[in-house]
Amino acid sequence: MKATLSVDLTNEISEIDPRLWGSFTEHLGRSIYEGIYQPNHETADEDGFREDVIEAVKKLKVPLIRYPGGNFVSGYNWQDGIGPKDQRPVRLDLAWRSVETNQFGLHEFIKWCQKVGATPDMAVNLGTRGIDEARNLVEYCNFPKGTYWSDLRRKNGAEDPFNIKVWSVGNEMDGDWQIGHQTAHEYGRLVHETAKAMKLVDPTVELVACGSSNHQNETYGSWEETVLENAYDDVDYLSLHQYYDNFDDNLAEFLGKSVDFDNFISEVVAISDAVKARKHSKKKINLAFDEWNVWYHSMGADDAQEPWTQAPHLLEDHYDFEDALLVGSLAITLLKHADRVKIGCLAQLVNVIAPIMTNTEGTPSVWYQTIFYPFMQVSNYGQGVALTPTQTQTVPTYQAKNYEVPYIDSIAVYNSDMDEVVVFIVNKAKEQTEFSMSIDSAQLNQIVEATQFAGYDIHQTNEDQSMTLESLKTVHIDGNHIDAQLEPLSWNMIRINVKA
Ligand code: AHR
């Protein structure tokens, strides 16, 4: 099989917002407790944060982390998580039927973000709370001093404001599982008023309104439209959420989900722009794909969990090789939409549907899932500008139930700071593929690195850490052409040193 890609350094889709490679940590299962925070762990630092996890998170270079939920936030009182730890209340978390000790809260999260080099994306509770709590939280976090909430922050040990820029205004408010679920009209009105109050406290904040929790939801489409009709001028981003499963054990269908993901983004862009046109607005709403991943392996196990315990083993999917291929393909799709998707959050980061897993004790204390590898490579090297294919790609396709799926997904990015073109490629075919590419407006000097994730059984998982990236030895440069022989079912990255 053969596939081609042609790019030109001057032909750009868009600058890639570094926040495209963000992630998400929720008070859910062992994401926080026993994940990022475990004071009795042998690697715990002076704040109770696991240093082994900090090191793993740093490898992913996540620039932005959404917190504290997720469904959790819609029943959360942020004031429970501030002040002396011995005075913080223990509460029921109704979203995940767990017990929340509040030993980790706002200050701990901000401090942890600083240690891993990320900025926060703070979600506010629009389920059981609302305008007042949201504006108080902005004041607590971002106002310098001299008011009740800002001085309370200082009393609690943070003299300087946190200056949180990105805020999620509620979570999945279209879902009837959500505490305080609303109709699109109710939510749109509430966002309008909440955003107004938040921006009155700090006009520099950027706000993300909830889009649909998945595009199969009954209200999908009309939800986005109504929310934006009510709050277009007040918010900066609209969110998208989507998880994929392979319950049917159908590899071709599963790997074809990137087409579904691609269509979903294009549809939300179209809806947003239709509202823009109707409003005669000059403002463009960008997208925050702030929950995306594969999620299904753990669902049976979750049903067997005892409710009302602390840090239960929930949503602990063990990802296999085919999951890594789809995650790579979804990441490529995000890059193809870099002009409109400015924020992305792989959901989630540690233990809960996550690339990083921890053991409470023993070795290895931390292990990397299969999906860790493609995500690490895009987050480290999917930077700069995404390049538009300059010629129609010749890529063979196959017919899935609802889509025609290209066997090869690929994208090239140009990182002028590093003088590199980086190409990411997924081969979804069960046979080797000759990939050939031309790069115009550049002199190609040498291959800096070429790796593949290949050769594994599609259901192999990585608890024993035997699955790794290896060198892709079949890459050659000839003038402005690159050729590579791609292994069947493989994730590949090629970094080329170039002179523009
Ligand atoms: O990430 C797990 C859950 O998925 C989140 O809490 C919720 O927002 C979504 O439904």
Side-chain angles (χ1 to χ4, degrees), residues 22-33 35-36 62 64-76 78 92-98 100 104 109 121-128 166-182 187 208-220 223 227 237-245 261 264 287-303 305 307 311-319 323 327 330 343-357 369 371 375:
S23 189
F24 171 37
T25 187
E26 176 170 5
H27 284 252
L28 192 185
R30 299 190 311 124
S31 183
I32 303 288
Y33 305 107
I36 66 186
V62 280
L64 166 133
I65 303 177
R66 185 163 168 257
Y67 169 88
N71 297 338
F72 172 80
V73 78
S74 299
Y76 182 52
W78 64 267
L92 290 183
D93 159 19
L94 301 184
W96 301 105
R97 307 207 324 144
S98 308
E100 173 56 54
F104 187 98
F109 177 63
D121 167 353
M122 187 61 59
V124 301
N125 173 355
L126 286 198
T128 57
V166 178
W167 296 76
S168 292
V169 189
N171 177 68
E172 295 191 349
M173 301 310 296
D174 63 322
D176 62 5
W177 59 88
Q178 201 70 213
I179 300 173
H181 159 63
Q182 289 146 27
Y187 175 67
V208 184
C210 299
S212 295
S213 30
N214 57 72
H215 73 77
Q216 296 88 351
N217 223 20
E218 224 184 317
T219 55
Y220 169 59
W223 173 273
V227 169
Y237 307 93
L238 186 64
S239 78
L240 297 84
H241 290 184
Q242 193 69 44
Y243 296 98
Y244 292 109
D245 68 68
F261 194 71
F264 182 20
L287 308 187
F289 215 128
D290 56 20
E291 288 191 34
W292 66 275
N293 205 346
V294 172
W295 172 13
Y296 73 106
H297 297 280
S298 62
M299 284 174 179
D302 289 354
D303 294 340
Q305 282 288 325
H313 289 255
L314 289 175
L315 280 65
E316 297 202 9
D317 276 39
H318 284 202
Y319 291 112
D323 297 329
V327 163
L330 299 180
I343 294 175
C345 299
L346 178 72
Q348 298 193 8
L349 187 56
V350 183
N351 286 333
V352 168
I353 42 174
I356 299 167
M357 299 296 285
Q369 300 243 35
I371 63 168
F375 187 72

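For ligands, and for the atoms within them, numbers begin at 1 and follow the listed sequence. All residue numbers in this chain count up from 1 along the given sequence.
- For atom 6 (O) of ligand 1, the nearest protein heavy atom (residue, atom name, distance) is E26 OE1, 2.7 Å.
- With hydrogens left out, the protein atom closest to atom 10 (O) of ligand 1 is E172 OE1, 2.7 Å, a heavy atom.
- Few gaps surround CD on Q216; more than 12 heavy atoms of other groups in view lie less than 6.0 Å from it.
- The side chain of W96, and not its backbone, has at least one atom closer than 4.0 Å to an atom of ligand 1 (non-hydrogen atoms only; side chain from C-beta on).
- Between E26 and F72 the shortest side-chain heavy-atom distance falls below 4.5 Å.
- Between F289 and F264, the ring center distance clears the sub-6.0 Å criterion.
- Among all non-hydrogen protein atoms, the one lying nearest atom 8 (O) of ligand 1 is E291 OE2, 2.7 Å.
- Between the side chains of N71 and Q178, at least one donor N or O sits under 3.5 Å from an acceptor N or O.
- Distance CG/D290 to CG/L346: 12.0 Å, rounded to 0.5 Å.
- Note that the SG atom of C345 and the CG atom of N293 stand 11.5 Å from one another [nearest 0.5 Å].
- The distance from atom CG of N171 to atom NE2 of H241, rounded to the nearest 0.5 Å, is 5.5 Å.
- Among the atoms of W295, none of the N or O lies under 3.5 angstrom from an N or O of ligand 1.
- Assignment of F72 to the shell around ligand 1 is not supported, since no heavy atom sits closer than 4.0 Å.
- Proximity to G70 (heavy-atom distance under 4.0 Å) selects the following atoms of ligand 1: 5 (C), 6 (O), 8 (O).
- Atom 2 (C) of ligand 1 has Q348 NE2, 3.6 Å as its closest protein atom, hydrogens excluded (heavy atom only).
- Annotation for ligand 1: atoms under 4.0 Å from non-hydrogen atoms of F24 are 1 (O).
- At least one heavy atom of I353 lies less than 4.0 angstrom from ligand 1.
- Nearest protein neighbour of atom 1 (O) of ligand 1, counting heavy atoms only, is Y243 OH, 2.8 Å.
- Between N71 and ligand 1, an N or O atom pair is found at a separation short of 3.5 Å.
- Under the 4.5 Å side-chain criterion, counting only non-hydrogen atoms from C-beta, H318 is in contact with M357.
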